[in-house]
Number of protein chains: 2
Amino acid sequence: MDLRPSAALKLWHDVMLAHVHGDDTDLSARQMVILLTIYLEAPPHTVRGLAKKLDVTKPVITRALDTMGARDLVQRRRDEDDRRNVVIQRTVKGALWIEKLADSIVERARNVARRS
Amino acid sequence: MDLRPSAALKLWHDVMLAHVHGDDTDLSARQMVILLTIYLEAPPHTVRGLAKKLDVTKPVITRALDTMGARDLVQRRRDEDDRRNVVIQRTVKGALWIEKLADSIVERARNVARRS
DNA sequence: GCCTTTTATTTCGCTTTCGATACAATATCG
DNA sequence: CGATATTGTATCGAAAGCGAAATAAAAGGC
């Protein structure tokens, strides 16, 4: 992908602005990264695994799952093989949210000068 | 710009992850949009103007300026022509922050499949 | 010179998040 | 079984952000 710095900033600005406008309540940077990780990388996802991958403490993950779980963007499930683990799963609503974000980025990228 | 949805999401994830890792304290979505607006669009910028452009209340702008001002990312100045106005100005540190963000996006965009 | 309008900030009570630590539940090792 | 390790959550006080309304300062209308 070829992207000049000024185009990158405009893209970032436009998508962020749409994000702030759009959602009922917008997700924090951490929450967004967690959600994206869950939807982009292969399962299974655990609290510990996410904490390590994002280099944050476990309570941060727990809190984010509380918030996003309340909004039905992710789902918790006990791992029956090792009941200490909690497996984080996708939801229909979460998939839609992600899809909407992707569309938003793609659409705004189209309005950005190419190579130029 | 040509960008598939999956590439867009990966780009977003990677940049956000770097953002969360990198900064001492990361900026909220609103703060980031405000900062980008100040640095992308032509001055002068006022509290009222930013509030209208981003469709938020004025206290939101004031608070964001407090926070970012404390981190020396933006600067306030009284408008001497109309002393009710506050003009928001760029700082060296803010410019560096923006530049770093741009580089981060550009670099990660390079690692994303093109057109595919 | 008042009265009204406009601009930015302050204040209020509330909610959310933070890091750090403590804790409860489960698994593992001997 | 009993000690230890691991996993996720709960709790704590502190900090930050929110919307709504009140306030202070400055400008403009008449």
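Quick note on labels: first sequence line is chain A, next is B, and so on, each numbered from 1.
- By the salt bridge (Lys or Arg N to Asp or Glu O under 4.0 Å) test, A/Arg90 is found to be paired with no residue, residues two or more places apart in sequence or in another chain being considered.
- In summary, contact between chain A and DNA chain C, defined as any nucleotide atom under 4.0 Å from a heavy atom of the protein, begins and ends at C/dT17 to C/dA27 in the 5' to 3' direction.
- Annotation: side chain to side chain donor-acceptor pair (under 3.5 Å) contacts of B/Arg77 (sequence neighbours excluded): none.
- Checked against side chain to side chain donor-acceptor pair (under 3.5 Å), A/Thr37 has the following partners two or more places apart in sequence or in another chain: B/His13.
- Aromatic ring pairs are classed by plane angle as parallel below 30°, tilted from 30° to 60° and perpendicular above 60°; the pair B/His19 and B/Trp97 is perpendicular.
- Applying the salt bridge (charged side-chain N to carboxylate O under 4.0 Å, His left out) test to every pair with at least one member in residues 5-21 of chain A, sequence neighbours left out, gives these pairs: A/Lys10-A/Asp14.
- An OP1 or OP2 oxygen of D/dG8 is reached within less than 4.0 angstrom by no side-chain nitrogen or oxygen of A/Thr62.
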With the sugar-phosphate defined as primed atoms, P, OP1 and OP2, and the base as all remaining atoms, what B/S/- string results for nucleotides 11-30 of chain D, 5' to 3', for protein heavy atoms under 4.0 Å? ------SBB-B----BS---
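- Every pair passing salt bridge (charged side-chain N to carboxylate O under 4.0 Å, His left out) that includes a residue from residues 44-55 of chain A is listed here, sequence neighbours excluded: A/Glu41-A/Lys53.
- Annotation: salt bridge (Lys or Arg N to Asp or Glu O under 4.0 Å) contacts of B/Arg83 (sequence neighbours excluded): B/Glu80.
- With sequence neighbours left out, the side chain to side chain donor-acceptor pair (under 3.5 Å) criterion links A/Asp66 to A/Arg76.
- Atom P of nucleotide D/dT7 and atom CZ of A/Arg76 are separated by 17 Å, given to the nearest angstrom.
- The distance from atom CG of A/Asp66 to atom C1' of D/dT9 is 9 Å, rounded to the nearest whole Å.
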